[in-house]
Every structure is written in C-alpha cells, then in structure tokens.
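First up is the structure itself, then whatever we jot down about it.
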Amino acid sequence: MHRRGFDTVTQTLGIIGSGMIGGALARLAVAAGLNVVVSNSRGPDTLGDLVAELGERARAALPAEAARAGDLVVATVPLRAYDRLPVEALAGRTVIDTMNYYPDRDGRIAELDSGELTSSALVQRHLEGARLVKAFNNIDFRRLFTSARPSGAADRSALPVAGDDPAAKADVARLLDALGYDAVDIGTLADSWRSEPNTPVYVQPYMAERPEGLSEEEMGRWFFETPGVPVPAARVKELTDAAVRGSVGGPPSAVPRR
C-alpha cells in the first residue's frame, strides 16, 4: 500500500459506519497519513479491534463525535438508516455519501422507485446544512482497498463523484487523490444515478471476469484474492455518459453493500 501525506485542509477523516466500505476507507486514510475517527451505531466499545489495527492515528467515537471531528465526513451506513445520521453535527460539513439503494435490504422507498429523487438527494434533504458529495459507492470494498495507486501510476483507477457544491466536490477529489484514485465529476446529486446499481460503471468494470462453475467457497476465495482491473478516468467518463436511467436499486447479492 502506498503512503503519502495529505497536504490539504483535510487532516482528519470522520467515518460514520464501520462496515466493509468504512473499514477500507479507514485503512486507506491511515496509510495516506490522515487521522481517522470511526463510529457505528453500536458504540465505540465495539470498534476496539479495528482501532487497534489502524494504530495511533485512529480512535473510536459516537457518530456525532466523528461528525464534528472530521474535516471531511464519510456516511457509510445502510440507506435504510440514513435518517439516523446526526443532522446538527453534520451541518456545515462536507459529507461523502457512499450509500446505495438495495430495496431487498432497505425496504421500498417510493421517492426512489418513482425516480423523483436519487438516493443522495434524499440523504441531502435529511442533512440540511451539509454539503453532500456522492463517492465510493460504485466499487466493491475489496477492490477499493487493493486497487489504490499513487498519483501518476499507469494502472491508477478513477471513481465518479457527484454533488451540488463545487468546492465540496473539489475537497473530495483531493481526498480521492490522497487515497489512491483519480476523480471524475459526473454532475450534481440529481445526476448521481449514473454511478448507482444497474449502471455501466457500477462494480463490474473494476473486477476481473469471474470464472464459471465456482463453489461458494471458491467464489469467496476468488473475490478476495483476485486483483482489480484498472479503470482510468476516460473510461469512467465513457461509462457514466453511456448510462441510461432505468430500474433503481440493486439485488441483495450486490456489492458494495453500502
């Protein structure tokens, strides 16, 4: 894993949600020289192993504390729990939304099913006063961690970002750069559907072709051991430009699960 300093205003990354995507981002952030404050709905006492692994740059806290501590804050909880994100603590913050809509997990949400809102627009409505940016939602947690590369590397991948605040998107793009990725601006939160489940840029481009006939055990081993496929910025733009808005939500087996 590459290491580099992050010479912008972001020195601490707050993370609300300690699942697979949250854990991968915490590890990348520490490797990049950032401080990390991690939290979940179960309380700091449940995060001892993760904090011990991350080392002296990390500490556990309650979600509101993580929100206040972070120069940037990642919200990476199941979408069904979006309305439990701490509104007051996140007011004025740039919040990175990694969440995806999986109806079989989250329950049906009429405004999303109808296309009236994107999932990020729904979260932004709840987080009044925050500056929401959609990112890290279209790559599985394993490839997110293992495909990070230094700036300028020939096999560096890019990830799409969407948001309504240009300055917030610029801050998130700098974070992506520090963590090992280029950023492709795909527009506003209303455009963020272009990186959601069932679109061309979602998960599959970053993964090698899966062999046929694998057992469940073999499939798990293949998932964890197979390197990712580099997806450069030009390809991300091509895939997101080609997206056609259709059915929303991912299947229960989709990854990442945030």
Q. Can you get from L175 to V37 by hopping between Ile, Leu, Val, Met, Phe, Trp and Tyr side chains that sit under 4.5 Å apart?
A.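 No, it is not one cluster - the side chains of L175 and V37 are not joined through contacts under 4.5 Å.
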Q: Check whether V95 and V87 end up in the same hydrophobic cluster, where Ile, Leu, Val, Met, Phe, Trp and Tyr are linked by side-chain heavy atoms less than 4.5 Å apart.
A: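 Same hydrophobic cluster.
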Compare all side-chain heavy atoms of [X] with those of [Y] and state whether any distance is below 4.5 angstrom.
X: L62; Y: P44; answer: yes
X: S39; Y: I15; answer: no
X: L117; Y: R125; answer: yes
X: Y181; Y: L144; answer: yes

Is the backbone of [Y] close enough, under 3.5 Å, to the side chain of [X] for a donor and an acceptor to pair up by distance?
X: Q124; Y: G129; result: no
X: N137; Y: S195; result: yes
X: R194; Y: T240; result: yes
X: K169; Y: G187; result: yes
X: T188; Y: D164; result: no
X: D71; Y: T12; result: yes
X: R93; Y: R68; result: yes
X: H126; Y: L85; result: yes
X: R210; Y: M207; result: no

Q.
Before you tell me yes or no, could you show the steps for D113 and Y101 under side-chain hydrogen bond (donor to acceptor under 3.5 Å, both in side chains), namely the whole-Å CA-CA distance, both residues' side-chain angles and the distance that decides it to 0.1 Å?
A. CA-CA 10 Å; D113 291 338; Y101 177 40; 2.9 Å; yes
How far does [atom1] of [X] sit from [atom2] of [Y], to the nearest 0.5 angstrom?
X: D191; Y: K134; atom1: CG; atom2: NZ; answer: 12.5 Å
X: W193; Y: S119; atom1: CH2; atom2: OG; answer: 13.0 Å
X: L34; Y: L28; atom1: CG; atom2: CG; answer: 10.0 Å
X: N100; Y: S120; atom1: CG; atom2: OG; answer: 8.5 Å
X: L122; Y: L189; atom1: CG; atom2: CG; answer: 11.0 Å
X: I16; Y: I96; atom1: CD1; atom2: CD1; answer: 11.5 Å

Q: Go through the side-chain N and O atoms of T199 and E196 and say whether any donor and acceptor fall under 3.5 Å apart.
A: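 There is no such pair (donor and acceptor under 3.5 Å, judged by atom type) between the side chains of T199 and E196.
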Q.
Would you say S18 and N40 are linked by a side-chain donor-acceptor pair, where the criterion is simply a distance under 3.5 Å?
A.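 On atom types as modelled, these side chains qualify, holding a pair under 3.5 Å.
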Q. Applying the side-chain contact (heavy atoms from CB on, under 4.5 Å) test to P200, which of L239, V236, N138 qualifies?
A.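 Looking at L239, V236, N138, the match for P200 under the side-chain contact (heavy atoms from CB on, under 4.5 Å) is L239.
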Q) Between P160 and Y206, what is the shortest heavy-atom contact and its length? A)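 Smallest interatomic distance, heavy atoms only, reads CD-OH, 4.1 Å.
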Q) Does R80 count as lying over the ring of Y102, i.e. NZ or CZ under 6.0 Å from the six-ring centre, within 45 degrees of the axis? A)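 Because its charged atom misses either the 6.0 Å distance or the 45° angle limit, R80 does not stack over Y102.
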Q.
A quick test of your reading: do over 12 heavy atoms of other residues, nucleotides or ligands sit less than 6.0 Å from CD of E111?
A.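 Counting other residues, nucleotides and ligands, CD of E111 exceeds 12 neighbours.
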Under a 4.0 Å N-O cut-off, is there an ion pair linking [X] with [Y]?
X: R156; Y: D177; result: yes
X: E65; Y: R59; result: no
X: E238; Y: R235; result: yes

Q: Take the angle between the ring planes of F223 and F141 and call it parallel below 30°, perpendicular above 60°, tilted in between.
A: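 Ring orientation, 0 to 90° scale: tilted.
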